Number of protein chains: 2
Amino acid sequence: MPQERRRLIVVSNRGPVSYAVENGARVAKRGAGGLVTALGGLLAHHDVTWIASALSEEDETVAAEADGAFDETTADGAEYRMRFVAHEDDAYDRYYNVVSNPVLWFVQHYLWELALMPNVDRGLEGAWDDGYAVVNAAFADAVVDELEARPGATVFFQDYHLYLAPRYVRDRCPDATLAHFVHIPWPSTDYWHVLPERMRFAVHDGLLANDVVGFHAERWRRNFLRSAEVIAGWDGGRPLVTAHAISVEPGEFDRVAGSAAVRQAEAAIADWRPEKLVVRVDRTDPSKNVVRGVRAFELYLTEHPEAHGRVAMLALLNPSRQDIPEYSEYVAAIQRAVREVNDRFRRDEWLPVELRVGDDFEQAVAAYKQFDVLQVNSVFDGCNLVAKEGPLVNERDGVVVLSENTGAFEELRDWVIAVNPFDLVGQADAIHRALELPADERGRRLRAIQAHVREHDVAAWAEAQLADFDRVSAAARR
Amino acid sequence: MPQERRRLIVVSNRGPVSYAVENGARVAKRGAGGLVTALGGLLAHHDVTWIASALSEEDETVAAEADGAFDETTADGAEYRMRFVAHEDDAYDRYYNVVSNPVLWFVQHYLWELALMPNVDRGLEGAWDDGYAVVNAAFADAVVDELEARPGATVFFQDYHLYLAPRYVRDRCPDATLAHFVHIPWPSTDYWHVLPERMRFAVHDGLLANDVVGFHAERWRRNFLRSAEVIAGWDGGRPLVTAHAISVEPGEFDRVAGSAAVRQAEAAIADWRPEKLVVRVDRTDPSKNVVRGVRAFELYLTEHPEAHGRVAMLALLNPSRQDIPEYSEYVAAIQRAVREVNDRFRRDEWLPVELRVGDDFEQAVAAYKQFDVLQVNSVFDGCNLVAKEGPLVNERDGVVVLSENTGAFEELRDWVIAVNPFDLVGQADAIHRALELPADERGRRLRAIQAHVREHDVAAWAEAQLADFDRVSAAARR
């Protein structure tokens, strides 16, 4: 389908490139993060400027040299314009490590122990005013600047780091087309009351300054429709509020799955694994529910002695946000749980739970190929890509056990075994059921997920965004 | 207003009377709890049978002797019929100390630290099936029995202990008129997902078996309308879902406030207190937010050195549910916070925070008369009666600082200083603002609350229930 070449300005905290100095020379690290993959297709076909935080010292040097946007190229060779926004270290720390994580992240995933946390104290007040608002204002300045250089461009804000920026831009560019995608859950109105009135209002007011606001699931979209009305007096007019679940690039996974690195990692797993393998792949985030996943496996082993020596869990954990106490404490809780289960059940050559902490994409894909059960039990999750990536490359008719509180559950519910993330009994039973399903039933479910993900791939997600931009542009022209 | 004498069957876990043996003789303890007060007016004017759990050994003896309902009299001399439901100790413990508290209470007040708690394990599954369901079924048996003895009676279930009973009764008495009042918040649909599907469905399905379901606030009513649709497929027909905030009996408070016991307690407070007094009166429940209340007072003292020696906090805490670890741990957290604030600021004769743990109604009323600021900062609260009781008898033009997450806030918002319960800065500022308000403004606000509570007293609440019963009866006749 030939398409019009568009002017787009993508705005996200983390960009598709970051620079470092190695052996005295500048090197570009071109990321393969989910968002970069998701938007990578847009870069190939459109006139894209990407605005992101300068995250390294060398990024700041590049930003100062360029004094605005400069030309960059993706690892795939697509050309785009890159612009760094440099922040004061202290402002960035407060924006990222205090307000965005854990406060907004914990509110949006219902994670606070509300009897005691959070405390909105002078520290958080200051982090909001002198961190989150300041960084958002710096992003808005860069967007306004680029809009002047590229009139008519559509601005596409990403995620919870940038809730305030759209209002700042709108105040100065009333006719700009602004869109925002929220990649994490949207909680109910009551739970937004964890933030004082001025903060929860500013979050909603900022989002409502857009022409389009997108979520991964109808469930989050409905929560927003309601909270925007109650908290910000939204009248239901602009913005257009939509739900399109993000997805993966099947071609990338096909290619990686067949690579020598993955084959080598897979051979190592095949060499080590017992008869049946339960796999999970997560960032070490409290929302991912790793502790209960391990406890559910423990309960499964307790109730199924016949599985001892025959079934193991492989948990691949990518360390995340370890500067934040809530995150480092959660990793410790995971390690304690794994140690307890292994101390209780291990024997001879069989280690019930193999925990590997590190960032190893090839090993994750190797594990995807090898799972008999893929355990995805998030407490709450905007979408969850593991539930799509894993089945795509799996070669053992593996079964996905999926939390009903993930956005992806809306799409995949007919082919997964649904679990409630708080229900250890249900999760233990789900492991047993998954392993006992007849082979043809397992294969049928797996192929259905594969077909769904190939049809609803990340390019389809990106196309859906562009179609939404067209809808609001057409409405504006009328 | 003369009214028809009705047949009512009130059903609650705790009843208006409990028996003990003292010096070899049976003595009746006639309670003055909120619910007994609230429904006491009904007992005087209607033909009431009250069904409640046998909570003491002597209650069980009375129940066995009576073999059904027996005649009782309230402390005020009103006659009614009482019926005890005896439970196995183990079933009752699981129903009360596992399912009702903390699980349902914590879900309905958004109190769980969801990354780690709760765990739906075999223990909770068993507590649900062999505790909560069994006790509810025993209540339903007693209700069906009494409905046979008193045809045409309206059954009025109370609160979160009895969500399953209405369905059990409805299955056997399709034409009975059943009503249920929920005295605690109703959380959003997402938060009900903390319970596995069968449990959250059963809660909703049980309530939907009623003809009337009542809440204290529109906010909780709206959450129920939505969760009943999503979780139980409710079509919006029966039951009638209403919101009427409960209230107090002003006459009782006038009488007690003038009693010798209160005057004596008041003299002791007057003797001890510094110039200004911040008062709070709570059960020691995590939802009451005592720790943050103390921390907010600490922040106020930090930022207002001129208050040192002049302003003190008096916190009267009624120990509650100390068999439940979450509750006893919360009391310890309160005591630590108070000790830290006092260690930091105390000097000479001035103790910043006076914490008194005990159950002393007269002392509470004395404190109500003496407050300059009444701090009610609940995390979430179905209604909150302290915010109504305190102003009713206050004699110092005291100001109410009230959490926006209480049901009472919907009624009192124009006359209180609103606070967000998580916002220590806002709560510290509110104490300062309250103490700095001009006397005429303080008096105007206090009198407005008093007038509101006297008009919307507990008799009005009870009348509103009867009017709701009439609406559904009339609808049934049509």
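Protein chains get the first letters and strands the later ones, always in sequence-line order, with residue 1 at the start of each. Computed from a prediction, not measured in an experiment: that's the story for all the values here.
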Closest heavy-atom contact between Asp190(B) and Pro187(A)? OD2-CA, 4.5 Å

Do Leu114(A) and Phe422(B) come within less than 4.5 Å of each other through their side chains, counting heavy atoms only? yes

With a 4.5 Å limit on heavy-atom distance, are the side chains of Met117(B) and Glu113(A) in contact? no

Using non-hydrogen atoms and a limit below 4.5 Å, what part of residues 282-291 of chain A faces chain B? Pro286(A), Asn289(A), Val291(A)

Against chain A, label Trp186(B) side chain, backbone, both or neither, depending on which of its atoms sit under 4.5 Å from a heavy atom there. backbone

Side-chain heavy atoms of Arg219(A) within contact of Thr189(B), under 4.5 Å: no

Region of Glu326(B) in contact with chain A, defined by heavy-atom distances below 4.5 Å: neither

What's the shortest heavy-atom distance between Asn405(B) and His193(A), and which atoms? OD1-CD2, 3.6 Å

Is it true that, when you exclude Arg344(A) itself, more than 12 heavy atoms of the residues, nucleotides or ligands shown sit nearer than 6.0 Å to its CZ? yes

Would you mind checking which part of Leu116(B) comes under 4.5 Å of any heavy atom in chain A, side chain (CB onward), backbone (N, CA, C, O), both or neither? both

Answer whether the closest heavy-atom distance between the side chains of Asn420(B) and Arg200(A) falls below 4.5 Å. yes

So which part of Val379(B) gets closer than 4.5 Å to some heavy atom of chain A, the side chain, the backbone, both or neither? side chain

Counting C-beta onward and ignoring hydrogens, is there a side-chain heavy-atom pair between Arg226(A) and Arg226(B) closer than 4.5 Å? no

Side chain / backbone / both / neither for Arg122(B) at chain A, heavy atoms under 4.5 Å: both

Would you call the rings of Tyr110(A) and Tyr191(B) parallel, tilted or perpendicular if under 30° counts as parallel and over 60° as perpendicular? tilted

Tell me, side chain or backbone of Gln427(B) under 4.5 Å from chain A's heavy atoms, or both, or neither? neither

Segment of Phe106(A) engaging chain B (4.5 angstrom heavy-atom cut-off): neither

Looking at Asp121(B) and Arg295(A), does any basic side-chain N land under 4.0 Å from a carboxylate oxygen? no

